Each structure stands twice: as C-alpha cells, then as structure tokens.
Amino acid sequence: MKKMIKTIITLAIVMTGLLISGCTDSEPASQQQFNHNLPVVPVAVNVTIGEALADPYAHETIRVTGIVNQTINVMGYTYMEITDSTGSLWVAGYSTQLDNGTEITATGNLNIEFTSPTMGRTFDIILFADSISGGNTSVSNSPHGSGTIMAGDINVTPVDGGTRIEDIKSMSAQLDGQVVKVSAVVVKNVVLIDDYFLTLDDGTGELKARCPNTFNVSLGDSVVVTGTVMTDVDLGSGYYYEVLLQITDVE
C-alpha cells in the first residue's frame, strides 16, 4: 500500500511539472507571434558607390557618401550626381541648393532603369533619397520627416472638370468609389514592383495615390491624373489610408 501511495505522489508531481512547463512555454510563443506581426523597419547599410553599382539588389536601404559633381533642378526635386573613389551615382531628393564639390551623405533605395520624362533621360541606376545631409543642407523625404516643399510653394491651377485635393479629402465619404480628375505635382514617388506609390500636391493639400507603372511618372512632374477615390484602405503591415486615389490615367 505504501508503495502504491508513493507511486501516485510521484505521478502527481510529474504531471504538475508538465502543466507548469506547458503554461510557461505558451507565453513566449504568444509574444513571438506578436513580434512577428510588427512592421519591419529597414536598416540602412553603409556602402561605397562602387558596391551599390555592382549589386543594386544587395540591400533594401543604403547610405552612400560622395562629392557633388553636378545638380539638375526640376519642379520640387533636385537630381545630383555624386562621386567617390569607386564610382559615380545619381541621387534624387527634395529640392535643395548644393554647390559642386560639396560632400553629402544620402540614404534611400536604389531604382533600376528609371525614366524621367521631365529630364528626357533614363538612369540605369538612381538612388531615391529618404534623407540627404552635408554642407549646409539637411533634407528629408521620409513620411515622418520634413522636406523643403511646403503646401504654399505649390499652386496648381485645376483643369476643367477637375477636383481639388482639399475637396477630395473633405468630401471623401461622398466621393468614395467615384472617378475624379486631379491636377497636381508629384512630391514623392516610391517605385514598387507593379506600381508607383505617389504623393500628389496641388497647393490645397496632399493626397496618396497608387499608379500602375505602365505610366511614366517622375519626381517633380506636373500631372493630370484620373482615378477612383477609395476610403479606409488597409494595405497591411500598418499602412492604412483614410483616402487613397487609384489612378487609371495620367496626362
């Protein structure tokens, strides 16, 4: 009898240990799942221009330093060619004043075979800069930063039958699903696999827009776009937009 009681007690202790272990293991698993769903912020990798040119797909976000050789200003943006001891690279960022010979550091993502109708040329490789610093300038294109373009700097005359961005945003509920025409300047352009993700500004406000890459759209372009107004758009990974324009035509 004593042997049987001892066996029962031993089994009870073992089962209690398993239950405690099970409870302990479940909590980290839940925490791991929570972290997995958080958006991943890309880390900028320091590279030389030669390394960027040799393998433009190696890193999502890069940081390069070089000397400004030349700059070309278009509406809202500055294109600049920079050079280090390993090569030369074109960089595009918000409008800024830079003297030739200035050393700058640019952070952003590389784009391949980018065509700029405004400049009438195609760049084999170009860096779309989220931030540029150096000399007496510090410019950010980041959606959480501040750029040199303010709403007051842009004043686009609406086309006949067009809708102002401030009206689209204020009447988004009524315009949801409706087709509108907007005349604006492209103040931000993120190149995706199948689309451009644009920020449009007509002087009355900014509007996010998704545009098929079958259209040629460049930073700083003045465009007339036609598209469908969409509200409460959730693209996942924390990207939510109260109003988004799905572009179907670009003039």
Side-chain angles (χ1 to χ4, degrees), residues 42 47 49-64 66 68-83 87-96 98 100 104 106-132 139-143 147-149 153-154 156 159 181-202 206-228 244-251:
V47 299
I49 291 176
E51 290 171 336
L53 296 175
D55 190 357
Y57 299 105
H59 309 286
E60 181 178 355
T61 304
I62 65 169
R63 183 183 297 111
V64 295
V68 176
N69 288 337
Q70 60 175 311
T71 60
I72 301 174
N73 291 309
V74 298
M75 182 178 291
Y77 280 86
T78 298
Y79 289 80
M80 62 208 80
E81 184 188 38
I82 65 172
T83 301
S88 298
L89 176 69
W90 279 94
V91 177
Y94 271 156
S95 291
T96 184
L98 289 168
N100 291 345
I104 66 166
T107 303
N109 61 292
L110 292 169
N111 286 264
I112 313 301
E113 297 296 329
F114 173 74
T115 300
S116 170
T118 303
M119 296 180 61
R121 64 175 295 178
T122 297
F123 298 90
D124 293 336
I125 300 177
I126 188 171
L127 177 69
F128 285 170
D130 293 326
S131 65
I132 298 172
V139 181
S140 173
N141 288 359
S142 168
T148 56
I149 294 182
D153 298 329
I154 297 174
V156 179
V159 296
K181 180 175 286 190
V182 180
S183 179
V185 175
V186 179
V187 297
K188 186 172 178 62
N189 180 7
V190 177
V191 179
L192 305 176
I193 295 176
D194 298 316
D195 304 280
Y196 298 117
F197 203 83
L198 310 176
T199 302
L200 304 175
D201 191 337
D202 67 354
E206 292 187 352
L207 178 66
K208 298 296 183 181
R210 189 162 53 185
C211 176
N213 62 13
T214 50
F215 298 106
N216 288 322
V217 181
S218 300
L219 304 175
D221 281 355
S222 294
V223 296
V224 177
V225 301
T226 301
T228 303
L244 181 69
L245 185 67
Q246 179 61 58
I247 294 174
T248 55
D249 188 48
V250 179
E251 301 176 24

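The structure displayed is predicted, hence computed values, not measured ones.
For the side-chain contact (heavy atoms from CB on, under 4.5 Å) with T107, the qualifying choice from V64, L127, T61 is T61, the only one to do so. For the side-chain contact (heavy atoms from CB on, under 4.5 Å) test with I82, the passing option among V91, T71, L98 is V91; the others fail.
Shown here for N109 and E60, the closest heavy-atom pair between the two residues is CB-O, 3.4 Å. Across V185 and S222, no two heavy atoms sit closer than the pair CG2-OG, 3.9 Å. Scanning both residues, T83 and S88, for their nearest heavy atoms gives OG1-OG, 2.9 Å. The heavy-atom pair separating V47 from H59 by the smallest distance is CG1-CD2, 4.0 Å. Between I132 and A129, the shortest heavy-atom distance links the atoms CG1-CB, 3.6 Å. Closest approach of I72 to W90, counting heavy atoms only: CD1-CH2, 3.9 Å.
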Please report the C-alpha distance between L198 and V223 in whole Å, then the side-chain angles of each, then the deciding distance to 0.1 Å, and finally whether the side-chain contact (heavy atoms from CB on, under 4.5 Å) criterion is met. CA-CA 11 Å; L198 310 176; V223 296; over 6 Å; no
Check against side-chain contact (heavy atoms from CB on, under 4.5 Å), E51 and I62: CA-CA 10 Å; E51 290 171 336; I62 65 169; over 6 Å; no
Passes side-chain contact (heavy atoms from CB on, under 4.5 Å), F123 versus N111? Steps please. CA-CA 9 Å; F123 298 90; N111 286 264; over 6 Å; no
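Residues L200 and V186 are in side-chain contact: their nearest non-hydrogen atoms beyond the backbone lie under 4.5 Å apart. In this structure, the side chains of E81 and L89 stay at 4.5 Å or more apart for every pair of heavy atoms. With a 4.5 Å cut-off on side-chain heavy atoms, Y57 and L110 do not count as touching. Residues L244 and F197 form a side-chain contact, since some pair of their non-hydrogen atoms from C-beta on lies under 4.5 Å apart.
One distance of note links CG of N100 with CE of M80; it measures 11.5 Å at 0.5 Å rounding. Taking CG of L245 as the reference point, atom NZ of K208 lies at 13.0 Å (rounded to 0.5 Å).
Side-chain contact check for N216 and T115: no donor-acceptor pair (N or O, by modelled atom type) lies under 3.5 Å.
Residues meeting the ring pair (Phe, Tyr, Trp, His ring centres under 6.0 Å) test with F114, sequence neighbours left out: F128. For E251, the salt bridge (Lys or Arg N to Asp or Glu O under 4.0 Å) partners are K181, not counting sequence neighbours.
Using a distance-only test at 3.5 Å, with no hydrogens or angles considered, a donor-acceptor pair links the side chain of T248 to the main chain of T226.
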